[in-house]
There are 2 protein chains.
Amino acid sequence: MSLKHAVLGMLAIQPMSGYTLKKAIDESVGHFWTADQSQVYRTLAGLVDDGLASRRTVVQDERPNLHLHSITDEGLAELDRWLASPLRTPPAREPFLARLFFADRMAPEAIRDLFRNRRREVGEALAALEAVTVPEHAEDTGTLLRLATLDYGIAQARTELAWLDATEQRIGKKRIHEKHTDEHRPEAP
Amino acid sequence: MSLKHAVLGMLAIQPMSGYTLKKAIDESVGHFWTADQSQVYRTLAGLVDDGLASRRTVVQDERPNLHLHSITDEGLAELDRWLASPLRTPPAREPFLARLFFADRMAPEAIRDLFRNRRREVGEALAALEAVTVPEHAEDTGTLLRLATLDYGIAQARTELAWLDATEQRIGKKRIHEKHTDEHRPEAP
DNA sequence: CAGCATTATTGGACTATGCATATATAGGTG
DNA sequence: CACCTATATATGCATAGTCCAATAATGCTG
């Protein structure tokens, strides 16, 4: 459960309800960590059970009541323990690369589509990251670090776009060459 | 279960035993997809159950017997179905960024360690990717695509190393500045 | 007023995966 | 001989996470 620690981190910034938390996650850490809505509530419940967060019901007139969660001292301690713990990197899971790896079974147009869709997706992600308005003068370390995670996403997205172009061009060239040398053979299905 | 499809893809290249498959995965798709040994065997069992692969026991004198798995026609059909299916990208999980995002609670030396360790890890991964010997003249599309997945890893690793340097420098500068302006204040614990 | 969107929470089923452990054979090394 | 490594397969347990659906109140819009 690493979402647990991400949630602790968020609650350390300010108390939240499950609903608010879900939105906050989507908007801040969303580009490198996501959480299913049901998972968010489950995690909060777990934190309360473990005494790492406290819950307070806030009665609202205009909307359904909400449970406001605050981090406890124990929670802060656990957060710091996590921050000090060795960071183990789980191996990357890249379904796109997995697909590409076996894509020679696909028709040429399908491969083109694969690239096109990926380019669109990464482009959109990049645009979203670049659209985030950043404070003029970042002062505290926290803000600097959070901006850095944005930069990370932007840099990686740009790298991938460049790689997409280079790769597709290389594959494309290959196919033209193939067409030349294989003109006498029947069209592959 | 996407390992299922990765395994199908591997079996489409050549029949394998669980043991061989595990090693093949580590050596080929390992940099963007990994599989626990137990998971490999479970997945193979599942494929056989579903008729997507067939198993044949090979008796060996010098070593324990092995179960050689081959992909069936149904398996090839499923593989192609998967290749044609829409690719849904699960959101990235980047524990390192998650850590960094909340790292302002950490001591400066701990942040330095975080960067140092990450730099080492990424550097090692990059070295491993660059060490892969590639065929002189890649001819078929399959080889080109597989080399492309290597290039992807290399490009992303290099980008990350550059980002690590830039980011740490920025944080470092900030800290020097802080030291200047905060000289009169007591050392933070 | 019917239907939809937003706010807010919860439960059940399922899956993928990891970790630990067990078993068996054979070869090499101290 | 004890121990380690490589080959080879398998099971049990735990858990993080997703998907789907239900519930409930309110406000907006056609």
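Letters A, B, ... mirror the listed sequences (proteins, then strands); counts begin at 1.
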May I have the step-by-step check of side-chain contact (heavy atoms from CB on, under 4.5 Å) for Trp163(A) and Asp151(B), ending in yes or no? CA-CA 8 Å; Trp163(A) 170 86; Asp151(B) 286 342; 3.7 Å; yes
For a 4.5 angstrom cut-off between non-hydrogen side-chain atoms, does Phe115(B) reach Thr167(B)? yes
Spacing of Asn65(B) atom CG relative to dT9(D) atom P, expressed in whole Å: 9 Å
State, without any angle test, whether His67(A) and Arg55(A) hold a side-chain donor-acceptor pair at a distance under 3.5 Å. no
In whole angstrom, give the distance that lies between atom CD of Gln60(B) and atom C1' of dG27(C). 15 Å
Using nucleotides 19-21 of chain C, report all nitrogen or oxygen pairs with the protein that are shorter than 3.5 Å.
| residue | atom | partner | partner atom | Å |
| --- | --- | --- | --- | --- |
| dC19(C) | OP1 | Arg88(A) | NH2 | 3.3 |
| dC19(C) | N4 | Ser38(B) | OG | 2.8 |

Please report, rounded to the nearest Å, how far the C1' atom of dT17(C) is from the CH2 atom of Trp33(B). 11 Å
Counting just side-chain N and O atoms, does Arg93(B) come under 4.0 Å of either OP1 or OP2 of dT18(D)? yes
Leu68(A) CG to dA8(C) P, straight-line distance once rounded to whole Å: 11 Å
Main-chain N/O of Met16(A) paired with Thr20(A) side-chain donor or acceptor, under 3.5 Å: no
Rounded to whole Å, how long is the line connecting atom NE2 of His67(B) with atom P of dT23(C)? 17 Å
For His5(B) and Trp82(B), take the angle between the two ring planes, folded into 0 to 90°, and tell me which bin it lands in: parallel under 30, tilted 30 to 60, perpendicular over 60. parallel
Beyond-backbone contact of Arg158(A) with Glu130(A), side-chain heavy atoms, under 4.5 angstrom: yes
Criterion salt bridge (charged side-chain N to carboxylate O under 4.0 Å, His left out) against Glu168(B), the qualifying member of Arg116(B), Arg118(B), Arg119(B): Arg119(B)
Taking only N and O in the side chain of Arg63(B), is any of them less than 4.0 Å away from OP1 or OP2 of dA8(D)? yes
Between dT17(C) (C1') and Leu44(B) (CG): distance, integer Å: 15 Å
Atom pair distance, as rounded to whole Å: CG in Asp49(B) and P in dT15(C): 14 Å
Side-chain H-bond candidate by donor/acceptor type, Arg81(B) with Ser85(B), under 3.5 Å: no
Nearest-angstrom distance from the residue atom NE2 of His5(A) to C1' of dG17(D): 16 Å
Any side-chain N or O of Tyr41(B) below 4.0 angstrom from OP1/OP2 of dT9(D)? yes
Please determine whether residues Leu68(B) and Leu11(B) belong to a single hydrophobic cluster, defined as Ile, Leu, Val, Met, Phe, Trp and Tyr linked transitively by side-chain heavy-atom distances below 4.5 Å. no
In residues 19-29 of chain A, which residues come under 4.0 Å of DNA chain C by heavy atom? Tyr19(A), Lys23(A)
